[in-house]
Amino acid sequence: MADKTDKSTILIVDDEIVSRYTVEALLSSEGYNLVFAECGEDALEKATELVPDLMLLDVMMPGMDGFEVCSHLRANPRLAELPVVMVTALDDRESRLRGLQVGADDFMSKPFDRAELRARIRTITRLNRYRRLVETEEKLVYLANYDTLTGLPNRNLLMERMRQTLGRANRNHQGVTVLTLDLDNFQMINESLGHEVGDNLLREVAQRLTGLISEGATVARLSGDEFVVFEEADDPVKQVSDTAQRILDRISKSMTFDNHEIVITASVGISVFPSDGEEAATLLKNANAALSRAKSQGKNTYQFFTTEMNTVAIKRLILENQLRKVLERNELCLYYQPQISLTTGRIAGMEALIRWQHPELGFVPPGQFISVAEEMGLIIPIGEWVLRTACLQNQAWQTAGLPKVRIAVNVSSRQFQQPNLLQAIKDILIETRLNPTYLELELTESLLMEEDHDKKNSVFATLSELQGMGVHIAIDDFGTGYSSLSYLKRFPVNILKVDRSFVKDIGTNKDDAAITTAIIAMAHSLQLSVVAEGVETTEQLTFLHQRQCELIQGYFFSPPIPVKDMTKLLVSNDAQPFVIPPLP
Ligand code: C2E
Ligand code: MG
Ligand code: MG
């Protein structure tokens with residue numbers, strides 16, 4: 001390193017020439033670069049010009065005194081950190097206090113003691129040099145890892161972060177998505193409007209990207225107009241196609257620079273860990289291959305590296321778009337599945353199950369679209385429609401003089417958490433004039449397992465009020481969640497529905513048999529009734545009958561059927577109940 005940069009510069013400010021000489025003599029052999037100022041104004045000027053490593057500042061000077069100089073320094077961002085040693089009269093406590101208040105770092109008094117002066121100055125300049133070194137190093141580290149134009153991580157940091165994330169994802173069996181983005185026709189903008197506009201545009205794109213991504217994600221700029229976004233994902237294909245679409249939408253919104261309105265689009269390529277590669281470099285390479293395909297497909301679009309993933313993403317997009325119109329187009333209907341009492345053979349209740357008949361997609365089973373509707377928030381209007389339709393239908397059957405049975409409606413957790421659910425149910429009951437005792441709500445275990453204290457209390461309050469009105473509460477798919485007895489005891493619940501997966505293998509799987517037996521016994525000890533779902537065979541029926549399961553729902557008696565068929569079944573069952581196979 002050059003001698004000059006290695007030497008610390010000390011600015012000595014003193015109006016008395018004798019004092020200046022003394023300091024010069026005392027420090028001459030120490031190898032500092034000494035600069036002198038004779039008054040406050042001179043001191044500030046030189047400090048601004050040189051940014052010294054230390055200022056030795058006499059307090060008592062005509063004109064601008066040392067205190068004033070120090071306050072000026074502290075108000076200047078470039079000099080605020082400059083170490084200042086104030087020279088005061090010996091034991092002048094008042095001056096030292098004032099000195100501290102205006103920002104002095106240390107004090108000395110005249111006449112100077114050679115050893116003390118040298119020692120103090122050495123310590124302070126060493127500390128200051130060290131600080132500068134750290135700053136330089138930080139700057140170097142920054143330059144090595146960040147892109148100076150946009151402030152985004154550069155390729156170096158991207159690769160480092162990807163390696164870390166991939167390692168973690170591998171341990172946790174998580175997916176990682178890598179999305180590479182390239183602006184369409186960026187070169188044309190650069191050439192026609194100049195590089196400055198081009199740079200501003202890149203900064204704007206960087207900001208838009210940063211604003212879009214979720215917390216754990218990283219956006220990096222690799223070069224030119226090439227950006228990368230990557231993150232861990234539970235459901236990679238869905239998450240990354242959502243992100244890609246949002247990015248394309250956001251980028252294509254117009255930007256204005258120097259009164260030029262610019263609209264630019266981007267193309268995106270996507271690869272997914274682990275299916276498209278296990279290493280950062282491979283994933284980037286494959287995302288770039290997908291990016292080229294997106295470009296050749298006419299730009300402003302995204303492509304997955306794996307072709308099947310495109311199909312899944314497109315299907316889902318179609319599904320979402322179609323689902324938005326499902327209510328206005330009247331494409332939903334309800335099927336009803338009876339629940340038969342094992343003591344009487346009569347229909348004691350029924351479950352309303354949603355069906356979606358789409359003119360082109362055909363029949364879409366609820367297992368495929370309910371979760372999508374939940375994510376989109378559409379489950380709230382759809383759920384209300386189900387509730388209203390089921391209550392109306394039940395009331396219609398009752399008005400027609402058919403046997404009065406309870407109708408069970410599935411309510412998803414997301415729907416249950418909407419703040420006005422209770423009011424919506426009350427309104428529907430009033431509107432349809434259905435007696436609340438003929439309505440049952442099927443909830444999932446997860447709802448009762450809510451960990452947030454306030455939410456848990458609000459679930460409890462809602463359930464209590466519903467039960468107080470006469471509405472029955474059933475826990476659906478029981479046994480698949482956490483099956484804790486303690487919460488069942490605490491929550492207002494009437495019915496447990498044993499999940500179909502246990503019933504299925506009751507006859508062959510000892511564990512399933514034991515679990516089912518335990519659930520029934522436990523439910524009875526808590527004065528809850530049990531409905532077994534998915535009962536298809538005599539063997540299953542007999543097993544459940546022996547354990548005093550009250551109600552049976554399943555293909556053994558009837559699959560879910562449309563209104564017309566259910567009306568017939570209600571009539572015939574009233575005249576002639578199902579025959580329950582006798583116990584062996
Ligand atoms: P779930 O509430 O557990 O409904 C029982 C499912 O088991 C129904 O499937 C029914 O058709 C089927 N099932 C009944 N008996 C048998 C049988 O003997 N064997 C077999 N293999 N299956 C049987 P579905 O109708 O496809 O409904 C699937 C799930 O979709 C429902 O499970 C429920 O969680 C949800 N769902 C249906 N309708 C609605 C609704 O209106 N709102 C909400 N939020 N979810 C709904
Ligand atoms: Mg159900
Ligand atoms: Mg169920």
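Order of appearance sets the numbers: ligands from 1, and atoms from 1 within every ligand. Since the structure is predicted, the reported quantities are computational estimates derived from the model, not experimental observations. Heads up: numbering here begins at 1 and tracks the sequence.
Under 4.0 Å from ligand 1, not a single heavy atom of D499 appears. Contacts between P560 and ligand 1, counted as non-hydrogen atom pairs separated by less than 4.0 Å, involve the side chain only. Contacts with ligand 1 closer than 4.0 Å are made by side-chain heavy atoms of V386 only, the backbone lying farther away. Heavy atoms of K497 found under 4.0 angstrom from ligand 1: none, in either backbone or side chain. Proximity of V409 to ligand 1, defined as any heavy-atom pair under 4.0 Å, is not found for any part of the residue.
Heavy-atom proximity to G554, at under 4.0 Å, picks out these atoms of ligand 1: 15 (N), 18 (O). Near S412, meaning under 4.0 Å from one of its heavy atoms, ligand 1 places the atoms 44 (N). Atoms of ligand 1 found under 4.0 Å from any heavy atom of P366, numbered from 1 in the order shown, are 24 (P), 25 (O), 26 (O), 27 (O), 28 (C), 30 (O), 37 (C). Which parts of ligand 1 touch R355 is read off a 4.0 Å heavy-atom cut-off, strictly below it: atoms 11 (O), 24 (P), 25 (O). Atoms of ligand 1 found under 4.0 Å from any heavy atom of E536, numbered from 1 in the order shown, are 17 (C), 18 (O), 19 (N), 20 (C), 21 (N). If you number the atoms of ligand 1 from 1 as listed, the ones under 4.0 Å from a heavy atom of G534 come out as 15 (N), 16 (C), 17 (C), 18 (O). Within ligand 1, counting atoms from 1 as listed, the ones closer than 4.0 Å to a heavy atom of Q337 are 14 (C), 15 (N). Each of the atoms 2 (O) of ligand 1 lies under 4.0 Å from some heavy atom of E442.
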Exercise. Let me see the working for Q322 and R329 under side-chain hydrogen bond (donor to acceptor under 3.5 Å, both in side chains), right down to the final yes or no.
Key: CA-CA 10 Å; Q322 299 302 309; R329 286 195 192 160; 3.3 Å; yes
Self-check item: Step-by-step side-chain hydrogen bond (donor to acceptor under 3.5 Å, both in side chains) determination, D184 to S267
Solution: CA-CA 7 Å; D184 299 330; S267 298; 2.7 Å; yes
Exercise. Take W397 and Y336, measure what ring pair (Phe, Tyr, Trp, His ring centres under 6.0 Å) needs, and give me the verdict at the end.
Key: CA-CA 13 Å; W397 278 320; Y336 301 90; 5.2 Å; yes
Quiz item: Can M162 and V178 be said to form a side chain to side chain contact (heavy atoms under 4.5 Å, CB included), step by step?
Solution: CA-CA 9 Å; M162 274 183 81; V178 179; 3.7 Å; yes
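Rounded to 10°, the angle formed at the Mg ion (ligand 2) by OE2 of E351 and OD2 of D476 is 180°.
Not a single N, O or S atom of E533, from either the backbone or the side chain, sits less than 2.8 Å from the Mg ion (ligand 2).
Salt-bridge annotation for E375 and R316: present, with a side-chain N of the basic residue lying under 4.0 Å from a carboxylate O of the acidic one. Between K238 and D242 there is a salt bridge, since a side-chain N of the basic residue sits under 4.0 Å from a carboxylate O of the acidic one. Salt-bridge annotation for K426 and E465: present, with a side-chain N of the basic residue lying under 4.0 Å from a carboxylate O of the acidic one. Classification of R346 and D574 as a salt-bridged pair holds, one side-chain N sitting under 4.0 Å from a carboxylate O.
Counting heavy-atom neighbours within 6.0 Å of Q546 CD, excluding the residue itself, gives a total above 12. Within 6.0 Å of NZ in K456 there are more than 12 heavy atoms belonging to other residues, nucleotides or ligands.
In terms of N/O distances under 3.5 Å, ligand 1 is not approached by Q553. Below 3.5 Å of separation, one finds an N or O of Y555 facing an N or O of ligand 1.
Using a 30° and 60° split on the angle between ring planes, F578 and F557 fall in the tilted class, from 30° to 60°.
No heavy atom of P365 sits closer than 4.0 Å to any atom of ligand 1. Ligand 1 lies nowhere less than 4.0 angstrom from a heavy atom belonging to E374.
The side-chain heavy atoms of S413 and T444, taken from C-beta on, include a pair separated by under 4.5 Å. Between M376 and R324 there is a side-chain heavy-atom pair separated by less than 4.5 Å.
Taking the Mg ion (ligand 2) as reference, the nearest N/O/S atom within E442 carries the name OE1.
Looking at L387, V535, L353 and measuring to atom 31 (C) of ligand 1, the nearest heavy atom belongs to L353.
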